[in-house]
Amino acid sequence: MSGTGPIGGARPADRPERPTLVILAAGRSTRFGRAKQLEPVGPGGASLIEYTVYDAVRAGFGRFVLVVRESQRDEFEARLRPLRDAGISLSFAFQRLVDADLVPLPPPGRVRPWGTGFAVLAAAAALPRQGPFAVCNADDFYGRVAHERLAHALAASPPGIRAFTATSPLADTLSAHGGVSRGLCEAGPDGTLLRMTEGLDLRLDGDASRTGNGDAPRAGAGAESPAAPPGVVGRTASGAAVRVDADSPACMGLWGFFPEILPQLEERFRDFLAASPGLEDEFYLSEAVGDLAAAERTRCGLVPVGPGWMGVTFPEDRERVAVSLRQLTEAGAYPVDLWTPHVRPEPLRAAQASLFGPPQASPGGVATAPGRINLIGEHIDYNGLPVLPMALDRHVHLEFEGAEHATVQLEGDAAHGSFAFRLDRTIESAPRGHWSNYVRAAARGLQDHGVGLKRGIRGTVTGTVPVAEGLSSSSALVVASALALLHANEAEVEALELAALLARAERYVGVQGGGMDQAASLCGKEGHALRIDFGPLRVTPVPVPEGWRWIVASSLARAEKAGAVRELYNERRAQCAEALERVGRTSWPEVVEADEDEFAAILAGAGKSLPLTLSRRFRHVATEGRRVTEAERALRSGNMAAFGRLMNASHASLRDDFSVSTQALDEIVSVALDAGAAGARLTGAGFGGCVVALCRANRAKAVIEALIDRFYAARGGVDRRALFVADAADGATVTS
Ligand code: GLA
């Protein structure tokens, strides 16, 4: 291979101390319209390539090879001069149509570059003969964590694994603005790559439930679902339809290799040419490595890097990336000017001590917190009355390491983006609706409780709790964040105390919630519902009898706590307090625990003395409080028919007296009951979100099918985030 030339730093050394990163920047940006690789996206005008180099240096990479077209060289060289001035070793390799060895004569009419696999071969001459190297795309932002994970994988590579590919859940890598190309990975039993298919024009399937194309290849189909999993559709290079799960691992275009991959790639490229490819056909790196893995020539490890990745396929993607970079910069994760002298030495020094040196101790781990469904007792926790939820077998996961500084820096999925804030300054709220507010709330809550947070955390947040569905994804995030911060600071707070302080803390976000969600997430118990009492907080697990199922069904309307629900919720809370005061009572337990006759008299009195709305609110809280006591009794005695009837009464009361149901929620309840559920009700705050239906195990299939046919079919189908059977799970944990 020919055509390389260093523009700064050292020439390739035989034994580099730190690995090389090859950045593929020769793409033609057809969908983007301009040379997007150099497009300024950071607040100081830096391009994505510069962020990649900056992050990779901090992750331990020492040299960079940029694969460009020859005609782009001057432009790249001029734009990237600040990197060379900062002492970064940067070389160019040229991706040409003609190569003395491989393609002495290109086919007539060929204009399209040969593809990413060939681009790596083009960089071969600039690579050291020994030691690992990595490859990534110039128009993607991977984040520091991804580069670090890959570097770790290369440094600690188990015998026999000579290639790695970084993966993210496919859904997190799509663009809202059109179809994208991704390598679709399938893992074998040992967790390494079994095969990889390049998927083109990938986008979320409009009707995920039933359009599964039986002929299309599938990767990583989930077994958990009663309904079809959410799908992504597209095609392969040969035009065959593809449909895969949205959470199946997608190759991020970030690879790690050892040099022996190069002759193997070369051989594959010769095969590709020998098969007389069409003028538009490309030799994809993903397919080549996939083929080598499938033929058991190369074992390729999968390195999940979380969802912090951001790509710029379409011009519209740029704005989102720019906003995230600005936020990260404002929060101190990046300097405005990446290459100013006062910033430069620090990451370079840090890199030296980093991955390819001795391993560093860091109090990191994974904090996992479940969401919840409430079985009965809705809108009464903030009135001091017991409730009966259970922790859900769906979780928020926060994978983190302790940061040297008091900075919290987290990456979410593509839709949520990244953020950072400091713990050693007043923790201000982010704009309303921003997900970082739940993490900020956890940190503020701990600080207000007197927990000194000297260390921050750095990591990624992923999860399986559907967001804004009334299943408490936000409290699960608060709980996971608190556990991670405590762990990083080697501090402890007892579970109930933590639940209570986090319930208070979550109110910083603006919803004057009760304490059910945080307690359920922290104190869940597998196979058990939880009776939660307030003032003081107590949690009593109650076993759920065998042979019954809880079906969760989304109304497909988001119940966004930070959105309109916030005002409606707070209004209900204020109405309850006013109603109680106007009937001359000082506490709800006093009302709910009255004997039969007195209770009837209190209700009748409230009906006469209160304005209509307040009397309805009063009736809901009072009767729901009594239903919880009866429901607990029914659960303990295994009388699930009675439990179901109480759920139905609860729903009617929430619909008619508390006015928090919607037409869709009512419809789901009635379809479920029609199909044989013993009871069904909205769960959570309402105004959208989900229904929970109780049924015998042998009725579950019929209920699910009825919901699909009679509710979801007319609404474009359903996936397993929206319709599933829930099991009662254990509470939150943090593991090293
Ligand atoms: C939200 C709140 C809870 C509770 C429910 C309604 O989930 O966070 O505290 O009030 O609504 O029961």
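Read the numbers this way: they start at 1 and go in the same order the structure lists the ligands and their atoms.
Nearest-residue assignment for atom 1 (C) of ligand 1 (options Leu682, Asp517, Val387; heavy-atom criterion): Asp517. Ranked by closest heavy atom to atom 5 (C) of ligand 1, the top entry among Met516, Arg507, Arg573 is Met516. Selection from Tyr569, Phe687, Phe658 by nearest heavy atom to atom 2 (C) of ligand 1 gives Tyr569.
In this structure, His379 and Tyr382 have perpendicular ring planes: the angle between them is above 60°, well past the 30° mark.
Considering backbone and side-chain atoms alike, Tyr382 places every N or O at 3.5 Å or more from each N or O of ligand 1.
We find that Glu578 and Arg617 are not joined by a salt bridge, their nearest charged nitrogen and carboxylate oxygen being 4.0 Å or further apart.
Every atom of ligand 1 with a heavy atom of Arg372 under 4.0 Å away is listed here by number and element: 7 (O). Those atoms of ligand 1 that come under 4.0 Å of a heavy atom in Gly514, given as number and element, are 9 (O). Heavy-atom proximity to Glu378, at under 4.0 Å, picks out these atoms of ligand 1: 6 (C), 12 (O).
At least one test fails for Arg616 against the ring of Phe658: distance under 6.0 Å to the centre or angle within 45° of the axis.
The protein non-hydrogen atom at the shortest distance from atom 3 (C) of ligand 1 is Asp381 OD2, 3.3 Å.
For the residue pair Thr623/Arg619, the side-chain donor-acceptor check at 3.5 Å is not satisfied.
Of the possible donor and acceptor atoms, none in the side chain of Thr426 sits under 3.5 Å from a partner among the backbone N and O of Glu428.
Looking at every heavy atom in both residues, Ala700 comes nearest to Arg549 through CB-CG, 4.3 Å.
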